Amino acid sequence: MSSAIRRVTRALLFVAGVTALLAVAAPASAHGILSVVYADLSSGGPGVVHTQLQVEYDLFVVSAADAAKDDPLYRAGMDAFDAGDAEQQVAVLQAHRPAVSSYVTERFRIEAAGQECAPTLADDITMTQQDGVPYAVLGLDYACPPSENGHEAFSSLFPDAEGYVTDTKTILTYSLDLHEGSTVLDAEHPSFTTAQTPLERFWEFFRLGAEHLLTGIDHILFLLALIVGSRRLREVVIAATTFTLAHSVTFILAATGVVAAPPELVEPTIALSIAVVGAWYLWRLWRGGKVDQDLSHAHGFLRLDRAGWLRVGVVFLFGLVHGLGFASALGIDEPWSWTLLWSLLVFNVGIEAVQIGLIVVAFPLLVLLRRHYPRIGMWASGLLAVVVTVAGLVWFVQRILGIE
């Protein structure tokens, strides 16, 4: 065996091993975003930035009570949460305005001309829901000094250090300083300025999409299952394109509130899709033993045989479900707008860039191994398919049972 082929074999086996470790280590829910904050910035008049914050009610009560050492806030707030009484929840927050105001204003700041703006919590506090979860709606007015370079927002709400959630995202929309758009703040990127260029705004959502796929081991495994189950480049390109089109449709529809599906249904189905696509390849391997060969006699539209078209149909259906998962992970459920649509499309472009990168790296390695050493290629592909299938089944059971 040549040194080049040995290196390829080792690379594939390394990928399979790392994938197995990640699959074992990953939690039942592979989406790390456990809380989402919504912030909307607009002009409140000369020198004033009006901000509307939506924060997850029970998390807010726990965090604010802990920060202020206000045990009555915690006890009354959780009683109101358990009762599901929105009026009672508002009353609790109003009764503990100092703790509420202190927590929010210390962790959501706005600056202008290098100086911090002075925040004031509005009198009204209301309740709403996001994906069936109670959210408190807070209004704040920030009095700012004159600035020719826009305003800069900083968010450190619900940090990992509190120990209650992991990787909080703040979805920020703005119509301020003659600019409008949206962005995402997190621990690694906690600030945003309205003086940001269009290219910088593009990069924010592109980065978020790329990071989501790279950190979403379930979606990576699904893509690897598509790669190992493809017999030639045409098949993997058609499968990946079909997956892209399908999840783009439901991703945008779900994020703009047109369609909705409970995570209790979406997440197990995503896990099951991983297992099905991986097991499909193993079944074909067991039935024929030559599933890695080119489709030299395939004719018809796009030169796909019956099995190829059946696979495309299955990938399309599962892609629709994955789109719902992407939307849930991003945490956007807002009314339709061109600004939101642009942000969603850029997020999707980030996902596809990583997807294409994985195909460009992994598929040529498989092709090289399959052509020069078919048996080794079959075993390497089979091993990866086994890992994918087992991981999908484990996640399916965990998500059905609600095991973290």
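Note that the structure is a prediction, hence the values are computed from the model and not measured. The first residue in the sequence is number 1, and the count goes up from there.
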Quiz item: Would you say the side-chain atoms of Arg97 pair up with the backbone N or O of Leu121, donor to acceptor, closer than 3.5 Å?
Solution: yes
Quiz item: Quick one: does Tyr142's side chain get under 4.5 Å of Val48's, heavy atoms only?
Solution: no
Quiz item: Is the side chain of Ser155 donor-acceptor paired with the backbone N or O of Pro190 at a distance under 3.5 Å, no angle test?
Solution: no
Quiz item: Just wondering, do Val37 and Leu172 contact through their side chains at under 4.5 Å, heavy atoms?
Solution: no
Exercise. Take Val321 and Leu317 through the test side-chain contact (heavy atoms from CB on, under 4.5 Å) and record every step on the way to the result.
Key: CA-CA 7 Å; Val321 180; Leu317 292 177; over 6 Å; no
Pair up each side-chain donor or acceptor in residues 349-366 with any protein partner under 3.5 Å, not counting sequence neighbours, and list the distances.
unit_1: Glu352; atom_1: OE1; unit_2: Thr244; atom_2: OG1; d: 2.7
unit_1: Glu352; atom_1: OE1; unit_2: Gln355; atom_2: NE2; d: 2.8
unit_1: Glu352; atom_1: OE2; unit_2: His247; atom_2: NE2; d: 2.8
unit_1: Gln355; atom_1: NE2; unit_2: Thr244; atom_2: OG1; d: 3.0

Quiz prompt | Side-chain (Thr250) to main-chain (Leu320) donor-acceptor, under 3.5 angstrom | solution = yes
Self-check item: Where at least one partner belongs to residues 56-77, residue pairs that pass salt bridge (Lys or Arg N to Asp or Glu O under 4.0 Å), sequence neighbours excluded
Solution: Asp71-Arg75
Exercise. Ignoring hydrogens and angles, tell me if any N or O in the side chain of Thr168 forms a donor-acceptor pair with the backbone of Phe158 under 3.5 Å.
Key: yes
Practice problem: Kindly compute the distance separating OG1 (Thr389) from CG (Leu221), expressed to the nearest 0.5 Å. | Solution: 10.0 Å
Self-check item: Those residues that, when tested against His151, pass ring-ring contact (aromatic ring centres under 6.0 Å, His included) (two or more places apart)
Solution: none
Quiz prompt | pair Ile220-Leu224: side-chain heavy atoms closer than 4.5 Å | solution = yes
Quiz item: For the ring pair Phe81 and Phe60, is the centre-to-centre distance below 6.0 Å?
Solution: no
Exercise. With the side chain counted from C-beta on, respond yes when Pro72 and His96 share a heavy-atom pair under 4.5 Å apart, and no when they do not.
Key: yes
Practice problem: For residues Val92 and Ala80, report the shortest heavy-atom separation together with the two atoms involved. | Solution: CG2-CB, 4.3 Å
Exercise. Nearest 0.5 Å please: distance from the OG1 atom of Thr126 over to the CD atom of Gln89.
Key: 11.5 Å
Quiz item: side-chain contact (heavy atoms from CB on, under 4.5 Å) between Ile270 and His219: does it pass, once the steps are laid out?
Solution: CA-CA 8 Å; Ile270 289 176; His219 298 298; 4.3 Å; yes
Quiz item: Is Phe251 close to Phe347 at the side-chain level, that is, under 4.5 Å between some pair of heavy atoms?
Solution: yes
Quiz item: Going by distance alone, is a donor N or O of one side chain under 3.5 Å from an acceptor N or O of the other, for Thr120 and Asp141?
Solution: no
Quiz item: Which atom names give the shortest non-hydrogen contact between Ala225 and Gly278, and what distance separates them?
Solution: CB-N, 4.0 Å
Quiz item: What heavy-atom pair brings Ser63 and Glu162 nearest, and what distance separates the two atoms?
Solution: OG-OE1, 2.9 Å
Exercise. Indicate the atoms forming the closest heavy-atom contact of Tyr103 with Leu157, along with that distance.
Key: CE2-CD2, 3.9 Å
Practice problem: Could you tell me whether a side-chain N or O of Thr241 sits under 3.5 Å from a main-chain N or O of Ile238, the two making a donor and an acceptor? | Solution: no
Quiz item: Hey, mind stepping through Leu324 and Val259 against side-chain contact (heavy atoms from CB on, under 4.5 Å) and telling me if it holds?
Solution: CA-CA 9 Å; Leu324 297 174; Val259 299; 4.2 Å; yes
Quiz item: Got Thr170 and Val184 here, is their nearest side-chain heavy-atom distance under 4.5 Å?
Solution: no
Quiz item: Once you round to the nearest 0.5 Å, how far does CG of Leu369 lie from CD1 of Ile376?
Solution: 6.5 Å
Quiz item: Can you say whether the rings of His322 and Phe243 are parallel (under 30°), tilted (30 to 60°) or perpendicular (over 60°)?
Solution: perpendicular
Practice problem: Provide the closest heavy-atom pair for Asp186 versus His189 in the form atom of the first, atom of the second, distance. | Solution: OD1-N, 2.8 Å
Quiz item: Is the number of heavy atoms from other residues, nucleotides or ligands under 6.0 Å of Tyr135 OH greater than 12?
Solution: yes
Exercise. Verify the distance criterion only: is there a donor paired with an acceptor across the side chains of Ser248 and Asn348 at less than 3.5 Å?
Key: yes
Quiz item: Where do Val49 and Cys144 come nearest, in terms of heavy atoms and distance?
Solution: CG2-SG, 4.1 Å
Exercise. Measure from NZ or CZ of Arg399 to the centre of the six-membered ring of Trp395 and say whether it is under 6.0 Å with the direction within 45° of the ring axis.
Key: yes
Quiz item: Do Gln94 side-chain atoms and Asp123 backbone N/O form a donor-acceptor pair below 3.5 Å?
Solution: yes
Practice problem: Could you tell me whether the side chain of Thr51 reaches within less than 4.5 Å of the side chain of Phe108, counting heavy atoms only? | Solution: yes
Quiz item: Quick one: CD on Glu264 to OG1 on Thr269, what's the gap to the nearest 0.5 Å?
Solution: 11.0 Å
Exercise. Could you grab the distance from atom CG of Asp40 to atom NE2 of His50, nearest 0.5 Å is fine?
Key: 7.5 Å
Quiz item: How long is the gap from CG on Leu41 to OG1 on Thr194, to the nearest 0.5 Å?
Solution: 8.5 Å
Quiz item: Given the rule in the side-chain contact (heavy atoms from CB on, under 4.5 Å) test, do Ile274 and Leu393 qualify, once you have shown the distances and angles that lead to the verdict?
Solution: CA-CA 8 Å; Ile274 298 167; Leu393 290 175; over 6 Å; no
Quiz item: Given side chains that start at C-beta, do those of Val137 and Met127 come closer than 4.5 Å, heavy atoms only?
Solution: no
